[in-house]
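Notes follow once the structure below has been shown.
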Amino acid sequence: SIKGFIFDLDGVLTDTAEYHYRAWKRLADELGIPFTREENEALRGIPRRESLLLLLKGRTFPEATLNELMERKNSYYLEYIREISPRDVLPGARELLSEIRAAGLKAALGSASKNAREVIERLGIAGLLDAVADGYSVTRQKPAPDLFLHAAALLGLAPAECVVVEDAAAGVEAALAGGFTVIGIGPHERVGKAHVVLPNLAGARLADLLARLPMHA
Ligand code: BG6
Ligand code: MG
């Protein structure tokens, strides 16, 4: 039976895609590389380094330059996320986290971001999470299942006892690979492989979600 939830952060609990976009766009402009919002969509759930390589579209740079570009993008991102406050928790997310706690279930964060701790502190939801797995936790990033397996281990639960909530195709793939039940947030084209697909968490009540999950042995 389900004993815990593992939440992705960006795009599930808060919408940081816009801040990532602005930071990448500023870097791309400085480099004279075209970069659109549509291209930014493809970076959803993709770690910082892979995102940079995609943005560079085949241009090559020495390792030291790549590191400088990643640091520059992150400094812009950190500048933008200073605006984040409890108002930026997406509709339904805080309520769902509270319900999970009240029901005696566990909740963990499973985010590829190295800024995840800062973001959950600013959102004021750190206290509703029993464990945090972030961009520092594992080497192999999504779509490898490692991050979610790590989060489940921190909760002391088996994958079959956990539901992963994800908005990125790579994240859904990672969770399925790890043997988790998956709720996909967003359009079918992106998260259609998840067991349950929702447009967002607005109005998502714990009992309804659990009732919609496929039965597990
Ligand atoms: C994911 C975001 O959560 O974290 C990606 O969806 C981002 O857009 C990735 O690239 C890594 O984040 P950060 O904060 O470590 O650069
Ligand atoms: Mg995400």
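Read the numbers this way: they start at 1 and go in the same order the structure lists the ligands and their atoms.
In terms of protein heavy-atom proximity, atom 2 (C) of ligand 1 is nearest to D10 OD2, 3.4 Å. Closest to atom 16 (O) of ligand 1 among all protein heavy atoms lies R48 NE, 2.8 Å. Ranking the protein heavy atoms by distance from atom 10 (O) of ligand 1 puts I46 O, 2.6 Å first.
Within the 2.8 Å limit, D10 places at least one N, O or S atom next to the Mg ion (ligand 2).
Of all the atoms in ligand 1, the ones that sit under 4.0 Å from a non-hydrogen atom of S51 are 10 (O). Residue contact check: K114 has heavy atoms under 4.0 Å from atoms 13 (P), 14 (O), 15 (O) of ligand 1. Listed by atom number, the atoms of ligand 1 under 4.0 Å from L43 heavy atoms are 5 (C), 8 (O). With ligand atoms numbered from 1 in the order given, ligand 1 contributes 13 (P), 14 (O) to contacts under 4.0 Å with heavy atoms of N115. Of all the atoms in ligand 1, the ones that sit under 4.0 Å from a non-hydrogen atom of G45 are 2 (C), 5 (C), 6 (O).
Listed for the R190 side chain is a donor-acceptor partner under 3.5 Å among the backbone atoms of D167.
The hydrophobic clustering, which links ILVMFWY residues whose side-chain heavy atoms are closer than 4.5 Å, places L109 and L123 together.
Classified by interplanar angle (parallel below 30°, tilted 30° to 60°, perpendicular above 60°), the ring pair F180/F148 is perpendicular. Ring orientation note: the planes of Y77 and Y19 are nearly perpendicular, at an angle over 60° on the 30°/60° scale.
Electrostatic pairing of R122 and E118 counts as a salt bridge here, judged by a charged N lying under 4.0 Å from a carboxylate O. The pair D130-R101 meets the salt-bridge criterion, since a charged nitrogen lies less than 4.0 angstrom from a carboxylate oxygen. Between E99 and R205, at least one side-chain N (NZ, or NE/NH1/NH2) sits under 4.0 Å from a carboxylate O, which counts as a salt bridge.
Distances from atom 12 (O) of ligand 1 to the heavy atoms of S113, A170, A23, A168 show the closest one on S113.
Distance OG/S51 to CG/L27: 11.5 Å, rounded to 0.5 Å.
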Apply side-chain contact (heavy atoms from CB on, under 4.5 Å) to residues Q141 and R49 and explain how you reach the verdict. CA-CA 11 Å; Q141 299 296 328; R49 188 184 183 83; over 6 Å; no
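Within D8, the N, O or S atom lying nearest to the Mg ion (ligand 2) carries the name OD2. Nearest N/O/S atom of D167 with respect to the Mg ion (ligand 2) is recorded as OD1.
Within the structure, the closest approach of G135 to ligand 1 does not fall below 4.0 Å when heavy atoms are considered. Under a 4.0 angstrom heavy-atom cut-off, L9 registers as lying outside contact with ligand 1.
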